[in-house]
Amino acid sequence: GARDLLASATSPSSMLGIEDISDDEEDETTGALVCRVCREGYRSRPRELMGVYAFCKRVDSAPCASTSGVRTTRGTVAASTSVAGYATVSHFNAIHFACHASARRADIALRTPKREWEGAALRNSETLCNNLLPVLAGGAKVRDSSYRRAVEGWWENVASVGGRTEPAAARLRLALADVAMLLGRFATGANASFSADCHGGGRESNMRVVPHVLRLAAHELAPDVVVTGDVHTDDSYDDELIAEFGEEEDELNAAAPNARPGPSVRLNLCNADAARRCLEALKRGDVAAAAGSVAYPVALVLSTLITTREEWIGGLRRDALRAAAAHARREGSACIDGACRTSSSASSSSASAFEIAKPLLIYVGLVDRLQLALKPAGGSRGGASARPPPSAPVPVRTGGPGGPFGGGGGGGGGGGAQRSIAHLAADAAAGVTERRGDHPRERGSAADDPEATALLDVLSDVRERLRDVSAVYEFAVDALEWLEDVESAEDATELFDAMGTLGDALSHGAPTADAFLDEAFAL
């Protein structure tokens with residue numbers, strides 16, 4: 001029957017007499033991926049790329065990342081606070097890309113043929129799916145080219161969902177907004193929304209998928225750097241797989257798993273300009289500007305990729321909490337629940353400051369869990385430069401021989417970080433122009449700026465950490481336990497205490513947690 005066909009539709013390398021089924025056992029304790037078809041994973045088949053089935057839908061109100069407008073007390077500069085995007089959910093059923101392709105061919109060969117995603121739904125615990133999210137793991141020996149093609153396939157499927165092909169430059173914006181909406185579902189308590197469209201999956205499976213969607217954003221942030229594993233030069237792949245996935249003799253990843261970015265690598269921030277500016281505002285302690293940015297939720301997601309642990313816990317986290325409360329006063333939770341639009345999205349005039357701010361504060365808390373999981377103590381490269389408190393002036397270099405963001409010294413801690421991000425964004429824009437053939441004047445690469453190099457080092461470390469399947473699985477387990485505690489909080493003190501941020505709230509003279517919120521609402 002069809003079930004037997006699906007069971008036998010494995011890639012040839014799984015039929016070579018491999019008896020090791022320890023991947024099944026490993027999954028119970030470490031979250032290692034196990035293919036739904038061949039029941040093997042990266043441990044027994046390290047060369048074959050795996051992914052998890054996902055369901056993507058187009059939404060008209062995704063969090064904004066690229067609108068440059070900022071809300072101020074004098075009025076609204078931005079035309080809108082949201083743009084179209086794509087929201088992802090998953091039942092987190094894993095499969096080899098090769099096994100998916102073989103099963104797809106088997107579905108087509110049936111007496112009553114099945115379409116690709118119709119058959120995939122059966123393998124996905126009868127949960128609707130329309131995409132396959134590539135997932136890397138430590139120890140995998142997958143070719144760079146395989147991962148790149150899988151990412152391209154992801155965006156091609158996204159285009160099929162939306163009925164339009166998004167430009168490559170928009171991918172970072174879309175991926176960051178996707179993570180923001182996924183976290184927003186948890187922060188707003190919209191638990192039913194996980195299965196509303198795809199009829200399967202829940203909190204556990206979707207918390208597990210968060211880091212892997214974030215890795216898509218990390219890839220688009222520096223698409224020229226793909227470190228997928230050890231060098232693999234064995235060309236014994238089956239001819240059928242070569243034809244299916246293009247595993248011919250193209251570029252191999254000749255770098256070690258902990259290789260650092262090359263000197264010509266640039267951060268691709270040109271299509272997330274508003275998120276970049278909002279993060280810069282937080283870095284220099286300008287909480288009011290950050291809170292007024294329409295890109296605030298996306299900026300926090302971006303921060304998980306390019307800020308150090310020391311910088312985050314050393315002051316950025318407290319300012320993010322203040323900005324969250326101020327942003328919630330303006331927007332309610334509408335800025336983070338574009339994928340589901342719960343009835344509590346808009347703030348009520350009768351609601352208390354705590355009730356209005358709670359979803360956004362939980363959102364910051366989820367970002368905090370990501371920050372701590374992706375940057376374990378002692379594991380980050382370098383430290384954050386000292387940042388003055390929000391009330392102190394921040395020296396920002398505005399001129400000199402190198403221009404507004406030129407070389408040389410200058411800049412305090414926050415100003416230096418701001419200069420680095422802006423410099424890299426300008427480089428990215430120059431790179432886009434170069435690819436169009438406009439030949440702009442020469443600009444320095446990230447290698448010319450030590451601070452820019454530090455940002456790239458942070459990103460590289462995060463990408464490496466995202467390959468640690470056990471670590472990201474532990475993040476999901478920890479985050480769900482943490483979420484149960486914070487959701488039951490009935491006042492600001494209880495919430496901050498459960499979040500582990502009460503010290504942040506009371507660190508700058510606020511006598512109580514409620515006073516901290518009142519101060520933030522006054523921004």
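As the structure is a prediction and not an experimental result, all values here were calculated from the model.
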Between T501 and R317, is any side-chain donor less than 3.5 angstrom from a side-chain acceptor?
no

Looking only at heavy atoms, what is the nearest atom pair of A326 and A291, with distance?
CB-CB, 3.5 Å

Is there a side-chain contact between Q371 and V367 (heavy atoms, below 4.5 Å)?
yes

Does any non-hydrogen side-chain atom of L214 lie less than 4.5 Å from one of V301?
yes

Quick one: does V364's side chain get under 4.5 Å of Y296's, heavy atoms only?
yes

Shortest non-hydrogen separation from S293 to H327 and the atoms involved
O-CE1, 3.1 Å

To check you understand the geometry: which heavy-atom pair defines the closest contact between Y363 and V298, and what is its length?
OH-N, 4.5 Å

Side chains of W482 and E487: donor-acceptor distance under 3.5 Å anywhere?
no

Are the side chains of V151 and P134 in contact, using a 4.5 Å heavy-atom criterion?
yes

Do the side chains of R276 and D273 get close enough for a salt bridge, i.e. N-O under 4.0 angstrom?
no

Check: F194 ring centre within less than 6.0 Å of F186 ring centre
yes

Side chain to side chain contact (heavy atoms under 4.5 Å, CB included) filter on A168, not counting sequence neighbours, yields R171

Ignoring hydrogens and angles, state whether a donor on the side chain of Y86 or E166 is under 3.5 Å from an acceptor on the partner side chain.
yes

dist D504:CG -> R322:CZ (nearest 0.5 Å) comes out at 12.0 Å

Centroid separation Y147 to H219 less than 6.0 Å
yes

So, the side chain of T188 versus the backbone of G184: is there a donor-acceptor pair under 3.5 Å, distance only?
yes

V472: side chain to side chain contact (heavy atoms under 4.5 Å, CB included) partners, not counting sequence neighbours
P211, H212, L466

Between E310 and K375, does any NZ, NE, NH1 or NH2 come within less than 4.0 Å of an OD or OE carboxylate oxygen?
no

Does a side-chain N-to-carboxylate-O contact under 4.0 Å join R369 and E481?
no

Min side-chain heavy-atom separation L302-L269 under 4.5 Å
yes

Salt bridge check: are R164 and E156 linked by an N-O gap of less than 4.0 Å?
no

Mind checking the CG-OG1 spacing from L176 to T304? Nearest 0.5 Å is all I need.
8.0 Å

Closest heavy-atom pair and its distance - A218, L459
CB-CD1, 4.1 Å

Mind checking whether E220 and R173 have side chains closer than 4.5 Å, heavy atoms only?
no

With a 6.0 Å cut-off on the ring centroids, do F516 and F496 count as close?
yes

Is there side-chain contact between L495 and V486, with heavy atoms separated by less than 4.5 Å?
yes

